[in-house]
Amino acid sequence: MSMLSRTHWLRNMTLFQRLTLSVRALLTLLLSLPVLAGLVGVVLPAFGYFPALDAHHFTLSVFAQLFAIDGMGKMALLSFFTGLLATIISVASAFLLLAVFYRSSYLNKLQTWLSPLLVLPHAAAAIALLFVLSPSGFFSSIVTNVSNILSSIGLSEATSVGGASVLLPPTWAFPYDSYGISIIIALALKELPFVFLMAVSVMSQPHVKRKFDGYFNSATALGYSPVTLFFKVIFPIVYPQVRLPILAVLAYATANVEIPLLLGPNNPPTLAVAVVQWFNHVDLSMRFRASAAALLQVAVTLAAISVWIMGEKVAKHAQIRFYSNGHRHTGKTLSDIVAYGVVALYTLLIVSIIISTLLWSFATFWQFPAVLPKGLTLLHWQTTLAALAEPFNNTVLLAVLVSGFSVIVATLALEAETFSGNNGPKSKPSPFFNGGAGALLSLTLFLPLLVPGVAFLYGLVWFQLAYFNEAVWFHLFISHLVYVLPYVFISLAVAYRKFDPRYIQVAYGMGKSPWQVFLKIKLPLLFAPMLVAFALGLAISFSQYLPTLLSTGGRIATVTTEAVAAASGSSARLTAVYVIVQMLMPLLGFVLAWWLPTICFNPMGRYTLLQTRKSKL
Amino acid sequence: MTLKLDKVSLFRYTDTLLSLDEVINPGEVLSIMGPSGSGKSTLLNAIAGQLTAPFSMTGSIYINDRCIDDMPAHKRGVGVLYQDPLLFEHMTVGQNIVFALPSSALNRAQREQRVSEMLAEVGLNDLQHRPVQTLSGGQQARIALLRTLAAAPSVVLLDEPFSKLDAATKTQMRTWVFGQLKVRGLPTLLVTHDSEDVEAAQGHLIEIETC
């Protein structure tokens, strides 16, 4: 019966509906093919097969050589622990924040303030932290000045070494500490907003919110404090829905390159950084070692994910007793302290990052431990903006192409769901997909986020060089697309699936075809969320470092690659300008996404404008 | 115009929700009352061509003696009025109605003209260029019906259409809506919780019992 009804169902579809189904299949291919091809391109050299370097025989010697390298184990452990700890910290604090602030008026404010951090490139975040936390940074100079003042008025006896020592920056762990603590701090700070906002988006779906409000009312009546209730009732429901994004965060954290490159130790670096260094080595034979190390990176990431999943199992056992112990105020004080502490920390960091990068970008002479520079100048802005013109154009052109294409693909794939979704009794809706084919889609969406970039991107480059060497922009496009498309899809899916299906029936009742309904009803009504998805896509593309560097072999510069180059080289002043440009670029996209819907497809906007003009006359 | 439900049974998975064998003649209203979850909305979806899993149907539905079981939703000519007016907010009142007019020989100016006439007939011509958000609940409900009628449907389905209106507007709207449907000779299926709706509809009533 089901086969029969299925063919029947296909026959009854319009051309447009069939097109959307093909796009949905295309989406799966676009995300999985580059990743899988990339992995093949790394596996072959790792086992000694690399025809371009005249190596045609499979061997395990590459791995043997890799493990013989001094400090190899430390590199792997560094990647493993920094990623795992940063994820634990960010997930724990994100849920503590939610426990304390869900249903409070601060939730919206937190969302507003954490959202820009979501789109802040990792590279920019790392550079910004360098500005405020390094031994000669903003905090350090303030601390030094305060202690100077205190000692000069005799309140402190700390400066026992003498007057000269206080003029030198103090030495502390940040950055470049060999335990990777700086990496953990930076990753945790950067990933917390992502986990938090993902959970908020799940919890603010109308049907979920209604259900939770009911739970809160009934459990409060039983005498549970909201925080305890959150961990006993809400968390077990929300967690499974944000599990994939959290695993993606974990995978990303164990394999990230920008943050350890800018803040991590050098000797040895984290595994991912080492992989990049070996791949970029002038000696091409290092490619073998790099490929093997890239596979080791996959193993490290898998190990971290396995440990996480084991942790989930243990927690699941423990939680059964936790639910039924009847305690009504467990963890309330602790949660309050941590949550307010996290908010205070973010406020402090954001404010000081803004002040210090702005000051650096205009500073003339600024020596430690002066709190302010000697004077201000526009020189760094002039120099940098002139140098940035070409990278800026590249960045914007690429981002618009990639994000625009992603929005089109995601919209059509989501449109396919509106008539193909839930078409079997077994289909079970979930936050990221609907319908029977949803499980596959969900996995492919997260595939590029779960497989370490250092592993598949190099393999992809290898394939591309072998078969379409000259199409640099095409390579760049694909390598950005695998990162942009998933986010655009997830962002758009929330709004698209919330769209009231009765509008569609109303239009069908007028004899409008699915294509007309899509074009004349859905697109205009979903214009705002589509622009937000587009802006998010721009931001993700702007922030890509590794994909840009690898797929072009440095032939095309973007703002982010230039910023990382500047941070590891020249002056703090120029770097500050880069960071500010990096912060502003995604914001412009979002301002556009906020402004355009007020003037397009909005008779109400024009009407209000006319009414105010009339009342003024 | 007629709507014929020929031995129609509706199922959720394998449980039978309801079974009907009815003919609704031109200008007649068939009312269906029953508790939530009794399959009322499922019946409307089945007629509109929007039946999705886990629901299924046996039997056949005919509009004007033509079987529509295999017809896609947008070709059935089934107009639906819901409890919310569901006016398209990216269009003005006039644009909402123009959008509904069948794409026939009328040119643009004639279509505009037709909309003005329709609005004037019910004394709402000053609303034509207003954004829909500026209308009162009662005005929105009227425009929603005008829009449904503008599309010249073969059948109209009413899904608790008055439940969100205030008491005074409700009485007015009932008389007006059923009057309009009768004048046009449309077969109508009404799903409701409110026995006053049924009285105003002046047709058959089918009450679905709880299982």
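First the proteins, then the strands, lettered A, B, ... as listed; each starts at 1.
Per-residue counts of heavy-atom pairs under 4.5 Å with chain B were compared for Y503(A), F601(A), F527(A); the largest is that of Y503(A). Contact tally against chain A (heavy-atom pairs below 4.5 Å) for G49(B), G77(B), S154(B), A100(B): the top residue is A100(B). Ranked by heavy-atom pairs shorter than 4.5 Å toward chain B, the options V506(A), L525(A), V517(A), I521(A) are led by I521(A).
In the model, Q180(B) has a side-chain atom that pairs as donor or acceptor with a side-chain atom of R184(B) under 3.5 Å. No side-chain donor-acceptor contact under 3.5 Å links T188(B) and E28(B). One side chain, D69(B) or S60(B), offers a donor N or O that lies under 3.5 Å from an acceptor on the other. Counted by atom type alone, E415(A) and T20(A) present zero donor-acceptor pairs between their side chains at under 3.5 Å.
Side-chain contact between P514(A) and Y508(A) is present, with heavy atoms from C-beta onward closer than 4.5 Å.
If you measure heavy-atom distances from L101(B) to chain A, the contacts under 4.5 Å come from the backbone alone. Within the 4.5 angstrom heavy-atom criterion, no atom of L81(B) approaches chain A. When heavy atoms are compared at a cutoff of 4.5 Å, F99(B) approaches chain A by way of both its backbone and its side chain. There is no contact between N45(B) and chain A, counting heavy-atom distances below 4.5 Å.
For K182(B), the salt bridge (Lys or Arg N to Asp or Glu O under 4.0 Å) criterion is met by no residue, not counting sequence neighbours.
A cation-pi contact, defined as under 6.0 Å to the ring centre and within 45° of the axis, links K4(B) to Y62(B).
Ion pair K75(B)/D70(B) not flagged as a salt bridge, since none of the NZ, NE, NH1 or NH2 atoms sits closer than 4.0 Å to an Asp/Glu carboxylate oxygen.
Along residues 141-152 of chain B, the residues that come nearer than 4.5 angstrom to chain A, judged on non-hydrogen atoms, are R147(B), A151(B) in order of number.
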#### Entry: Residues E417(A), R24(A); criterion side-chain contact (heavy atoms from CB on, under 4.5 Å); working and verdict
CA-CA 9 Å; E417(A) 271 180 14; R24(A) 195 181 149 97; 3.1 Å; yes

